[in-house]
Amino acid sequence: LQAALRRPEGSSIALHALRSDEVGTLIRARLGTNVDPRVLSAIEGRSEGNPLFVSELVRTLESAETAVDVEHVRALVPTAVQGVLMDRVLRSSEPCRELLELGAVLGREFSLRLMRRTAIHDVERALEEALARGILCEHRERRGFFRFGHALIAEILRNGLGPARRLNLHRQLASALEQESDRDAVAAELAEHHMLLARSGAPAEPAIASTTHAAELALRAFAYSEAARHYQRALEAMTLCQAPDPKQQCELLLAEADAL
C-alpha cells in the first residue's frame, strides 16, 4: 500500500467515521435485521464508527460459535484491527513509541506539558511523528492536550506492555506529575500511579501520602464515595509498609468511616 501511494498516480482518501444509522445499516446487512439494539450500540461504541473496525467486529461475531454477548463485544479486539494499529506503531521511531506507551498508560489523552517532564528524547519531534502517522490528534477542546485517534490504539498498547515496562512507565509518570505546580489538580492521578508502584514492591509511603491527599481533596468537593475509595487505598498501602504506624492507620480508618 505504501509503495502504491508513492507512485505519481497514487493518492490517499481520508475516510470519515460512519454515522450511527450507517453503522446500523452495515451491521444489519451482515448479521440480519433482528440484531439486538444493545449489540448495535456496543459495536458502534467499540468501533467509534471506523468502517474497517465495524466490518472486522462484525466478521468476528459472524464466526462466533456462541450467542453474541454485549459485554463480549465491548471487550473485543479483532486480530486484523490489532495488526493494522500495531503496524502503525511499530513503524514509528523509538521516542515516538515511548511517547505512545506513556500516553496509553495515562488513558485516551494527555498533555504535552506532562510529557516534557518525562525521559523522552525530543518530545516535540516524537509528537509530530505520531500526529503525521494519524495515531494521535490534537484535542479539540483542551489546548495543549493530545488524544489517540481511536481508543483501541491506547488499549492495544497497554495490553502489549510487559510488567517491567509498565512499571517503568508508571514510575516516569509519577515523577512527572510530582513536578506539577498545581499538585491538587493531579492528586487522584498521582495516587493511582503510586498505588500501582507500591503494589509491585516500591516503597509504600508515597502511595499513603498521595491517596490521603486525594481523599482530603475529594472530601472538600463533597465527593464522599471517592474520598472513601482513596482512604481504602491508603489503608491498603499501609499494609504494604514494613512497619505500619498504628496511629496513622487508626486515623485513616476513622476518616474512611466519616466519608462513608
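Here the structure is a predicted model, which means the values were calculated and not measured.
The 12-atom threshold is exceeded at CD of E22, counting heavy atoms of other residues, nucleotides or ligands nearer than 6.0 Å. Heavy atoms from other residues, nucleotides or ligands lying under 6.0 Å from CD of E62 number more than 12. Few gaps surround CZ on R108; more than 12 heavy atoms of other groups in view lie less than 6.0 Å from it. Annotation for R38: atom CZ does not count as buried by contact number, only 12 or fewer foreign heavy atoms lying within 6.0 Å.
For the pair S41 (side chain) and P37 (backbone), a donor-acceptor distance under 3.5 Å is absent. R133 places a side-chain N or O within donor-acceptor distance of the main-chain N or O of R91, the cut-off being under 3.5 Å. Judged by distance alone, with hydrogens and angles left aside, the side-chain atoms of T211 form a donor-acceptor pair with the main-chain N or O of A207 at under 3.5 Å. Using a distance-only test at 3.5 Å, with no hydrogens or angles considered, a donor-acceptor pair links the side chain of Q179 to the main chain of S175. For R147 (side chain) and E138 (main-chain N/O), no donor-acceptor pair under 3.5 Å exists by modelled atom type.
Between L40 and R28, some side-chain heavy-atom pair lies under the 4.5 Å cut-off. Considering only heavy atoms from C-beta on, L157 stays 4.5 Å or farther from L85 through its side chain. R117 is not listed as a side-chain neighbour of Q172, based on a closest heavy-atom distance of 4.5 Å or more. By the 4.5 Å heavy-atom criterion applied to side chains, E44 and S20 are counted as neighbours. Between Y231 and E216 there is a side-chain heavy-atom pair separated by less than 4.5 Å. For the pair R46/V77, a side-chain contact is recorded, criterion being any heavy-atom separation below 4.5 Å from C-beta on. The shortest side-chain heavy-atom distance between L61 and I43 falls under the 4.5 Å cut-off. At least one side-chain heavy atom of H150 sits less than 4.5 Å from a side-chain heavy atom of F53.
When all heavy atoms of T118 and A176 are compared, the pair lying nearest together is CG2-CB, 4.1 Å. Smallest separation of non-hydrogen atoms from A228 and L260: CB-CD2, 3.7 Å. Summarising the geometry of L197 relative to A174, their closest heavy-atom pair is CD1-CB, 4.2 Å, with the distance given to 0.1 Å. Heavy-atom minimum distance, I208 versus C241: CD1-SG, 3.4 Å. Between C96 and A126, the shortest heavy-atom contact is SG-O, 3.6 Å. Scanning both residues, V58 and I27, for their nearest heavy atoms gives CG2-CG1, 4.0 Å.
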Requested in this report: List the steps, then state whether salt bridge (charged side-chain N to carboxylate O under 4.0 Å, His left out) holds for E129 with R125.
Outcome: CA-CA 6 Å; E129 182 181 347; R125 181 174 293 182; over 6 Å; no
Discussion item. Evaluate D245 against Q249 for side-chain hydrogen bond (donor to acceptor under 3.5 Å, both in side chains), listing each step before the verdict.
Written reply: CA-CA 6 Å; D245 182 348; Q249 198 165 20; over 6 Å; no
Checklist entry - Where do V81 and N50 land on the side chain to side chain contact (heavy atoms under 4.5 Å, CB included) test, with the steps shown first? => result CA-CA 11 Å; V81 171; N50 183 294; over 6 Å; no
>> Is there a side chain to side chain contact (heavy atoms under 4.5 Å, CB included) between L18 and T25? Walk through the geometry before answering.
In response: CA-CA 10 Å; L18 298 175; T25 299; over 6 Å; no
Exercise. Check the pair E155, R158 against salt bridge (charged side-chain N to carboxylate O under 4.0 Å, His left out), reporting the backbone distance first and the verdict last.
Key: CA-CA 5 Å; E155 182 178 325; R158 278 194 303 275; 5.2 Å; no
TODO: Verify side-chain hydrogen bond (donor to acceptor under 3.5 Å, both in side chains) between H194 and E178, making sure each step is shown before the conclusion.
DONE: CA-CA 11 Å; H194 277 155; E178 286 169 349; 2.9 Å; yes
* To do: For R74 and E71, run salt bridge (charged side-chain N to carboxylate O under 4.0 Å, His left out): C-alpha distance rounded to whole Å, both residues' side-chain angles, the deciding distance at 0.1 Å, then the answer.
  => CA-CA 5 Å; R74 288 174 180 156; E71 292 306 316; 2.6 Å; yes
Applying side chain to side chain contact (heavy atoms under 4.5 Å, CB included) to E180 and L190, what does each step give before you reach the verdict?
CA-CA 10 Å; E180 286 283 349; L190 181 59; over 6 Å; no
*From CA spacing to verdict: salt bridge (charged side-chain N to carboxylate O under 4.0 Å, His left out), R233, E192*: CA-CA 9 Å; R233 290 187 171 187; E192 184 75 26; 2.6 Å; yes
(message) What verdict does the side chain to side chain contact (heavy atoms under 4.5 Å, CB included) test give for H230 and T212, after you've listed the backbone C-alpha separation in whole Å, the side-chain angles of each residue and the deciding distance to 0.1 Å?
(response) CA-CA 7 Å; H230 286 304; T212 302; over 6 Å; no
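Note that OG of S210 is 10.5 Å distant from NE2 of H193, once rounded to the nearest 0.5 Å. Atom CG of L106 sits about 9.5 Å away from atom CG of L169, to the nearest 0.5 Å. Rounded to the nearest 0.5 angstrom, N168 CG and E101 CD are separated by 9.5 Å. Summarising the geometry, atom CG belonging to L252 is positioned 12.0 Å from atom NZ belonging to K247; distances are rounded to the nearest 0.5 Å.
Here R97 does not pair with E94 in a salt bridge; the nearest charged N to carboxylate O distance is not below 4.0 Å. E236 and R199 are joined by a salt bridge, as a carboxylate oxygen and a charged side-chain nitrogen come within less than 4.0 angstrom of each other.
A single hydrophobic cluster is not seen to contain both L196 and L240; linkage of ILVMFWY side chains at heavy-atom distances under 4.5 Å, directly or through other members, places them apart. By the rule that hydrophobic residues join a cluster once side-chain heavy atoms approach within less than 4.5 Å of another member, I135 and V123 end up as members of one cluster. L114 and L100 fall within a single hydrophobic cluster, where Ile, Leu, Val, Met, Phe, Trp and Tyr side chains are chained together by heavy-atom contacts under 4.5 Å. A single hydrophobic cluster is seen to contain both L152 and L102, as judged by linkage of ILVMFWY side chains at heavy-atom distances under 4.5 Å, directly or through other members. Hydrophobic clustering (side-chain heavy atoms under 4.5 Å, transitive across Ile, Leu, Val, Met, Phe, Trp, Tyr) keeps L217 apart from M195.
In summary, the aromatic rings of F146 and H139 are positioned with their centroids too far apart to meet the 6.0 Å limit.
Between F110 and F148, the angle of the ring planes goes over 60°, which puts this pair in the perpendicular group of the 30/60° scheme.
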